[in-house]
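Contents: one structure, followed by commentary.
Keep in mind that the numbers below use all heavy atoms, side chains included, and drop hydrogens, waters and symmetry copies.
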Amino acid sequence: MAGSLFAAAQPAGADGTDRPDRDHGYGRTVDVQLLSFNDFHGNLEPPQGSSGQVTELQPDGSKKTIAAGGVEYLASSLRDARAGNPYSVTAAAGDLVGASPLISGLFHDEPTVEAMNGLGLDVAGVGNHEFDEGLAELRRLADGGCHPEDGCYTDGRTYEGADFPYLAANVTDEKTGEPVLDPVYVWKKKGVKIGFIGVTLEGTPDIVSAEGIKGLEFHDEIETLDTYAKQLRSQGVESIVALVHEGGFPAASAGGAYNYDCDTPGPGAGISGPVAEIAKGTTASVDAFVTGHTHQPYACTIPDPEGKPRSVTSASSFGRLYTDTTLTYDRRSGDIVRTATRLPHARNHVVDREQPKAPDMTSLVEEWNALAAPIAAKPVGYISGDVPRAGTESPLGDLIADAQLAHAETLDEGAQLALMNPGGIRADLTYAASGGEGDGVVTYGEGFTVQPFSNTVNLTSLTGEQLLQVLREQVSGANEASPKVLQPSAGLTYTLDLTKSGADRVVADSVRLDGQPLDPAATYRVAVNSFLAGGGDGFPTLAEGTDPLVGGDDLAALESYLTANSSAEGPLAPPAADRITVVGQ
C-alpha cells in the first residue's frame, strides 16, 4: 500500500454553485453513511460465552442479553445497512487481527483479512495487535504473499493481501522518522471526498512484545491527528474522520448496555478515559472519531476545541456491533455539517444471529475450518462447568496461573508462584460443546482461543520488596486509572482495598505466600509470560528480575496442565477465585 493517497481539490462550478450529481441533482448537501467497527480480533466464528453476547437496555428499563457476532452475520448486517445508501464507506479502528481464535490465528490471520475484503472494508487504522508479529508480517498481511516460514496453506493459491489500506500515521521508523505505513487515505465518490487518518495508542510499546515493535516509534495521538488534518486540508480535503485505536469507558450507569445514552446529562458525559481527552483536544478540522481498544460500546457527542459537536464511537469488539454514522456533506465547502441542529448522528447496532448468514462468508469459514480441524478438535482436558475470565480475579485467570506455575516447576523446582495478566486471557472456557466434542471437553482450538499469543512461560527472581512493588503496579503508575489485576497462582493471597487510592490499594501486610508473610529481603522465583517478563502492561519491575529462564509455550503449559489434572471421569472444577480479597468493590 505504498505511495501518496492524498487527493487533489475538486473545484466548484464556474458560477460558484455545486457540481451536479447524477443521483442527487444539484442539492447542496448529501448524506454519507459511515459504517464502522473495531477490535474484531479474528472472530470469524461466533464468539462463545460472554464474549458472544451484548446487553440491550429495554424501554421499560430492563435489560436483555442478545447473542451476537461472527463474520457471517457481520457481513449480512453491513450489506443490509448499505442498501439504499449510494454514499457508504466502511472503516475499522484497529485490532482486526491478533489475539485471534485458532481458525484465524493458526494461519497468521490471513482468513480474517480475506473476510474483511469480502465484506467490503474500505479502510482500517492499525491497533496494537497489528504489531504482535512485527512490522514485516503486518506489511505482508497488507500487501500479500505467503508466510516466510509456514508458506502457502493451500496448493496453487497465494495469499493476495488486503484490498483496503492500513493506516498508521503515528508509527514511524526510529531511524528515518518516516511513517512505516500510509498515514492517510482519501475516499472519493462522485465529487464527495472524505479523508481518513489512522493512529494507534501512543502507549502501544507498553502492551506489545518488544520484538514486535523493534525499531518503531509511537507518537502522541493529538499531535499526529493535528498534523495530518492540516496536510489533508492543504490538499483540498475538508471532511476528515479519525480512526483512533484508543478508547474510553462508559459511565457505571450504563450497566454494560450498548445502547445507553452517552450524552446524558450532557454531551460526552457518559464516557471517560483517554479517548475523551483526545477528542476534546484534537483540531476542529477532524469531523468524527471512530475508536476502539477498550472493547466498549458507545456513541457519544463530544465538543471539539471550538465547541462544535462531533461524534465519538466504538462498536464493542469481536464483530458483535457495528456503528452507523450519518455525515452530512456540504458540496460547496467540502466539509461535514456540524451544528447543534445538524450534528453527525451515530448509533450502534447489534450483529444478531437471527438474521441470515452471508453465504460467501460461510464458505470462507468452512474452508479454513477444514484446514484447522485436525488440530482444533483434539481434546486436551475436561471441565465440570464454565470457567469464566470476568472479574477482578477470575476462575480462568487462576487456572492459567496454576498451569504456568506447574510448568515452571518442571524447569526449576524452586519456582514458587505465577502471575498472569488479564489482558492475555481472550475468552472463557465454556462447558457447553462448541462443536461435536461433547459438553465439558476442552479442545485445543478452545485453548488456543483463550491464549493465542504464543508467549513463553518465563522464570525470574524478585525480592519480596520487588514482588510487593509488582502488586502495587497493578493499581498505580500506568495502571492507576484502569487497574490491571494480575491473576495469582494458588498459595499467593492478599487484600485489595479499593476504598483507597493508588499503590495503597494493596494492603502490604496482607500479602502471604503459602500462608507466610512476604519477606522484603527474601528472593522469590516467579513465573510470568514473556510479555510480562519484558515489563509489559505497565509492570516495569518485572523486567528488573534476575536469573531469567525461558520455558515453553504458554498454551502448551495450559494444555499439559489440563491433560494431567482432568479426565472424562474426573473433570476439573473451576477454581473458586478466592485468592484476592477485594474490599470496597
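The heavy-atom pair separating A415 from L459 by the smallest distance is CB-CD2, 3.9 Å. Residues P483 and V475 share a closest heavy-atom pair of CB-CG1, 3.9 Å. Closest approach of L532 and L486 over heavy atoms only: CD1-CD2, 4.0 Å. Residues G70 and V351 come closest through the heavy atom pair O-CG1, 4.4 Å. The two atoms that bring Y561 and A406 nearest to each other are CD1-CB, 3.8 Å, heavy atoms only. What you find for E137 and P148 is that their closest heavy atoms are OE1-CD, 4.5 Å.
At a cut-off of 3.5 Å, with distance as the only test, a side-chain donor of T291 or Y298 sits close to an acceptor on the other residue. R525 and S461 form a side-chain donor-acceptor contact under 3.5 Å, judged by distance and modelled atom types alone. When only modelled atom types and interatomic distance are considered, N348 and T323 share a side-chain donor-acceptor pair under 3.5 Å. Residues E45 and N369 have side chains that bring a donor and an acceptor to within less than 3.5 angstrom of each other. Looking only at atom types and distance, the side chain of S51 has a donor-acceptor partner in the side chain of R389 under 3.5 Å away. Checking D95 against H245 by side-chain atom types alone, a donor-acceptor pair falls below 3.5 Å. Checking Q33 against D324 by side-chain atom types alone, a donor-acceptor pair falls below 3.5 Å.
Side-chain contact between D402 and S489 is present, with at least one heavy-atom pair separated by less than 4.5 Å. Side-chain contact between V97 and S104 is absent, with no heavy atoms from C-beta onward closer than 4.5 Å. Considering only heavy atoms from C-beta on, D398 comes within 4.5 Å of E393 through its side chain. Side-chain contact between T313 and S36: present, with at least one pair of heavy atoms (C-beta onward) separated by less than 4.5 Å. For the pair L44 and P111, the minimum side-chain heavy-atom distance is below 4.5 Å. The shortest distance between side-chain heavy atoms of L96 and L121 falls below 4.5 Å. Counting only heavy atoms from C-beta outward, the side chains of Y159 and V113 approach each other to under 4.5 Å. Side-chain contact between V180 and L138 is absent, with no heavy atoms from C-beta onward closer than 4.5 Å.
Between the OG1 atom in T541 and the CD atom in E473 there is a gap of 3.5 Å [rounded to 0.5 Å]. Atoms OH and NE2, from Y258 and H349 in turn, are 8.0 Å apart once rounded to the nearest 0.5 Å. Between the CZ atom of F318 and the CG atom of N38 there is a distance of 10.5 Å, given to the nearest 0.5 Å. One distance of note links CD of E246 with OG of S314; it measures 11.0 Å at 0.5 Å rounding. Interatomic distance, F196 CZ to L34 CG, rounded to the nearest 0.5 Å: 5.5 Å. To the nearest 0.5 angstrom, L74 atom CG is 6.0 Å from M116 atom CE.
Without hydrogens or angle criteria, E559 side chain to V380 main chain gives no donor-acceptor distance under 3.5 Å. No donor-acceptor distance shorter than 3.5 angstrom exists from the side chain of T325 to the backbone of A346, with no hydrogens or angles considered. Between the side chain of E446 and the backbone N or O of T443, at least one donor-acceptor pair lies under 3.5 Å. Under a 3.5 Å cut-off, the side chain of S530 and the backbone N or O of T456 do form a donor-acceptor pair. Side-chain atoms of R353 come within 3.5 Å of backbone N or O of A68 as a donor-acceptor pair. Although no hydrogens or angles enter the test, the distance criterion places no donor-acceptor pair under 3.5 Å between the side chain of D386 and the main chain of P574. Side chain of Q487 to backbone of S394: a donor-acceptor contact under 3.5 angstrom is found. No donor-acceptor pair closer than 3.5 Å links the side chain of D150 to the backbone N or O of F107. A donor-acceptor pair under 3.5 Å is formed between the side chain of E130 and the backbone N or O of G127. With S100 contributing its side chain and G98 its backbone, the two residues share a donor-acceptor pair below 3.5 Å.
Partners of T294 according to the side-chain hydrogen bond (donor to acceptor under 3.5 Å, both in side chains) rule, which considers only residues two or more places apart in sequence or in another chain, do not exist here. For T200, the side-chain hydrogen bond (donor to acceptor under 3.5 Å, both in side chains) partners two or more places apart in sequence, or in a different chain, are T204.
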Please step through salt bridge (charged side-chain N to carboxylate O under 4.0 Å, His left out) for the pair E110 and R157, ending with a clear verdict. CA-CA 12 Å; E110 290 179 18; R157 179 184 175 195; over 6 Å; no
Take W368 and E114, measure what side-chain contact (heavy atoms from CB on, under 4.5 Å) needs, and give me the verdict at the end. CA-CA 11 Å; W368 287 104; E114 290 185 354; 3.3 Å; yes
Given side-chain contact (heavy atoms from CB on, under 4.5 Å), test V350 with L321 step by step and report yes or no. CA-CA 5 Å; V350 179; L321 301 175; 4.0 Å; yes
Working note: Y382 + L572, criterion side-chain contact (heavy atoms from CB on, under 4.5 Å); need CA distance, chi angles, decisive distance, verdict. CA-CA 6 Å; Y382 302 84; L572 187 69; over 6 Å; no
Please assess V241 against V89 for the test side-chain contact (heavy atoms from CB on, under 4.5 Å), listing each intermediate value before the final yes or no. CA-CA 11 Å; V241 175; V89 57; over 6 Å; no
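Aromatic ring centres of Y153 and H147 lie farther apart than the 6.0 Å criterion allows. Taking the centre of each ring, F131 and F218 come in below the 6.0 Å mark. The distance between the ring centers of Y166 and F164 falls below 6.0 angstrom.
Checking each of T65, T430, D428 against S50 for a side chain to side chain donor-acceptor pair (under 3.5 Å) leaves exactly one that passes, namely D428.
Crowding of Q355 atom CD: a count of heavy atoms from other residues, nucleotides or ligands under 6.0 Å exceeding 12. Remark: R79 CZ is packed, more than 12 non-hydrogen atoms of other residues, nucleotides or ligands lying under 6.0 Å away. Counted within 6.0 Å of CD on Q58, heavy atoms from surrounding residues, nucleotides or ligands total more than 12; the atom is thus considered enclosed. Within 6.0 Å of atom CD in E160, 12 or fewer heavy atoms from other residues, nucleotides or ligands are found, so the atom counts as exposed in its surroundings.
Applying the ring-ring contact (aromatic ring centres under 6.0 Å, His included) test to every pair with at least one member in residues 440-460, sequence neighbours left out, gives these pairs: H129-F453.
With salt bridges taken as basic N to acidic carboxylate O contacts below 4.0 Å, none links E133 and R140.
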